[in-house]
Amino acid sequence: MTGSTDVTGSTDVTGSTDVTGSTDVTGSTDVTGTDPRWVAFVTGADRAGTLTALTNVFSTRGVNFESLSAGSVEGDAGLIVVTFLASDRRRRLLIRTVERLAVVRSVEVYPAEDSAVRAAAVVQLPRGGEFAPPEGADVRWSGDSTPGRPVLVEGTLADVERVVAHVCALGALSAGLVILPPVDTAPPT
Amino acid sequence: MDVAVLGATGDVGRQVCTQLIERRVLPTSSRLQLVGRADGGSARATHGLRADLVDAYDEHAPLIDVALSPDDVVAEVVVVAAGRTSPPRPGVTTDRAALAADNHAVFAAYAEALARNGSGHEVVVVVSNPVELGVAVMAAALGRHRVIGMGAWLDTLRFRREVAVSLGVRRHRVGGFVAGQHGDDLVPLWSTVRVSGLDADERRRAVATMRRGRTLDGFADEIDAAKAVLSELVVTDIAAAFDLIETWPPDLRVLARPWLTHQSGAKTAAGSANATVDLVDTVLDGRDIVVAGQVALDGETSIGGRPLHGVLGVPVVLGPEGWTRVLLDEPDPDEARRLATTAGRIDAMLAPWGLGTGTRTGADASAS
């Protein structure tokens, strides 16, 4: 687990996140069709097998990740961020099981729409295109997109995902999103 | 899927953990949770057991986790092997009432924690005795269908083996179940015996030969007499005691052999663990399989037209969500009488904890 968070590149650093919202490439198990979406921040040991142990907990219970990213390592541990769909009951089982893994130091889990879950995206529009967030998306951004340069966008995960979907619909050349480590240490749900 | 073993460092708990790994019931991606108490001795032994299992089975061991509080139990299948056992010494009789008093608190503590923290889908296999009390406590807290006692399955495997020995075949060629209470009040259901390769007439003759004209109406007296003889022999000539058992009919051997084994000091940990791991394997396997187990009934089956309520060992269909149907056909009259008596005794044993049905007593049941 040595991956580093890359918020400046133009590729989708989260791997399996469906930034366009048009397809669900992960096929997450949503047994009721209305399962809520969760974001788990897992601090795990920086050693071989940590990701395998984590993913086994989910896969053996029929829950796929919507996205998974590994953050930078600090000391002997690093941050893994996963998003998944599950009922509240299954979310509790999954998280309690993850917490029992010897390679896991801590777990925080939030509803995906929680304002504590922040994300950043890098979007690149065609030359001459002027970046503007969709109406109602409360995000901050920097950069001038008109010369074809990338723009960095930051906000809640829900709002940033709306931005990414919006610019993709407008013909963005690239758009990548990453979930940021939590800065608010308030108790999660 | 993950398995938690409560009382992992006890004789049976340790065997269960070992067999779960040796029989490859748990893949390397699963987690085996060793659960002990937080006090010094148990905590130390639980951590030590973890190290020993990893040392022995590193190539195919699952993830092994240590938990020292009921609140930390997290698994899809929970094996209850915690609590006190009767001393394995000659002359020491098992006072199930005293055992119940000691172990009720253990059952209750884990049941409450599982109800409070669990997923609502754990399947609990009760091994500790009195298994009927463990089932009653767990079923009241977690739901009847998620809890099964191992005792009737162990008795069933022993019954099949003894029948197989008498017929000169291997155990897997013999079917049949033991019902009732684990221990002296077990009920060998001769009417359920099936032997691969024998037609109905051949089977009836074989069973009649093995039963030697006896019925279950005299079984309790036979057990008492057998224990009296063995109690003397166990201290003077243990080999002769085991040889004597070989001369008895299969149903009496089902009880006498493990009783003597326990009295010998060797205990019955391997056999108990084998039956337990069978049930765990069945739950994890995802298929519905007919086993025998102590379950909390609510009228799913009846004897002589009277629906059964309360905890009793019966043949059931066991699967990933626990037990579903009861597969008890109307037993023969002597089996029905003994089952009814046993049901009343279990009810009386559970009554002090408010877990009896209050609708059946020994006298009540005997009259049925």
Side-chain angles (χ1 to χ4, degrees), chain A residues 1 28-32 34-36 38 40 42-65 68 76-77 80 82 84-109 111 187-189, chain B residues 1-6 8 24-36 46-47 49-51 53-54 58-78 110 113-124 142-143 146 283-286 320-321:
Chain A
M1 195 189 64
S28 295
T29 302
D30 181 359
V31 293
T32 67
T34 57
D35 281 345
W38 306 92
V42 181
T43 303
D46 177 29
R47 69 177 197 227
T50 296
L51 271 176
T52 301
L54 174 65
T55 56
N56 273 332
V57 169
F58 286 77
S59 64
T60 56
R61 290 163 180 82
V63 178
N64 284 340
F65 295 132
L68 182 151
D76 61 353
I80 305 163
V82 299
F84 59 97
L85 300 172
S87 66
D88 188 51
R89 184 192 65 78
R90 298 189 89 202
R91 185 266 306 170
R92 278 189 288 112
L93 170 65
L94 290 163
I95 297 308
R96 291 192 80 222
T97 304
V98 167
E99 286 172 337
R100 298 307 307 177
L101 296 174
V103 292
V104 168
R105 310 282 170 80
S106 67
V107 185
E108 289 183 41
V109 61
T189 53
Chain B
M1 297 294 106
D2 299 339
V3 175
V5 179
L6 317 185
R24 317 280 175 111
V25 172
L26 291 177
T28 55
S29 58
S30 289
R31 183 174 50 89
L32 173 60
Q33 187 172 50
L34 315 180
V35 184
T46 309
H47 280 284
L49 175 60
R50 179 187 182 279
L53 291 172
V54 171
D58 187 54
E59 294 83 356
H60 56 268
L63 304 172
I64 301 181
D65 173 29
V66 168
L68 300 175
S69 163
D71 283 325
D72 289 336
V73 175
V74 188
E76 277 76 16
V77 181
V78 178
Y110 283 111
L114 281 170
R116 188 168 55 244
N117 306 316
S119 68
H121 285 258
E122 297 89 351
V123 174
V124 176
L142 305 175
R146 289 165 54 196
V283 173
L284 296 179
D285 187 49
E321 296 292 317

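Just so you know, these numbers use all the heavy atoms, side chains as well, and skip hydrogens, waters and symmetry mates. Small disclaimer: the values here were computed from a predicted structure and weren't measured. To find a chain, count down the sequence lines: A is the first, B the second, and so on, and within it residues start at 1.
When B/D72, B/L63, B/V66 are compared by the number of non-hydrogen pairs under 4.5 Å with chain A, B/D72 comes out ahead.
With respect to A/T52, the side-chain contact (heavy atoms from CB on, under 4.5 Å) criterion is satisfied by exactly one of A/L54, A/T50, A/N56: A/N56.
Using a 4.5 Å cut-off between heavy atoms, B/D2 contacts chain A through both its backbone and its side chain. For A/R96, the parts lying under 4.5 angstrom from a heavy atom of chain B are both the backbone and the side chain. Interface residue A/R92: only side-chain heavy atoms are found under 4.5 Å from chain B. Both the backbone and the side chain of B/A67 have a heavy atom closer than 4.5 Å to some heavy atom of chain A.
By the ring pair (Phe, Tyr, Trp, His ring centres under 6.0 Å) test, B/H60 is found to be paired with B/Y57, residues two or more places apart in sequence or in another chain being considered. Scanning for side chain to side chain contact (heavy atoms under 4.5 Å, CB included) contacts around B/T28 gives an empty result, with sequence neighbours left out.
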side-chain hydrogen bond (donor to acceptor under 3.5 Å, both in side chains) between B/E321 and B/H121, worked out: CA-CA 7 Å; B/E321 296 292 317; B/H121 285 258; 3.2 Å; yes

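Between the side chain of B/S30 and the backbone N or O of B/L26 there is no donor-acceptor pair closer than 3.5 Å.
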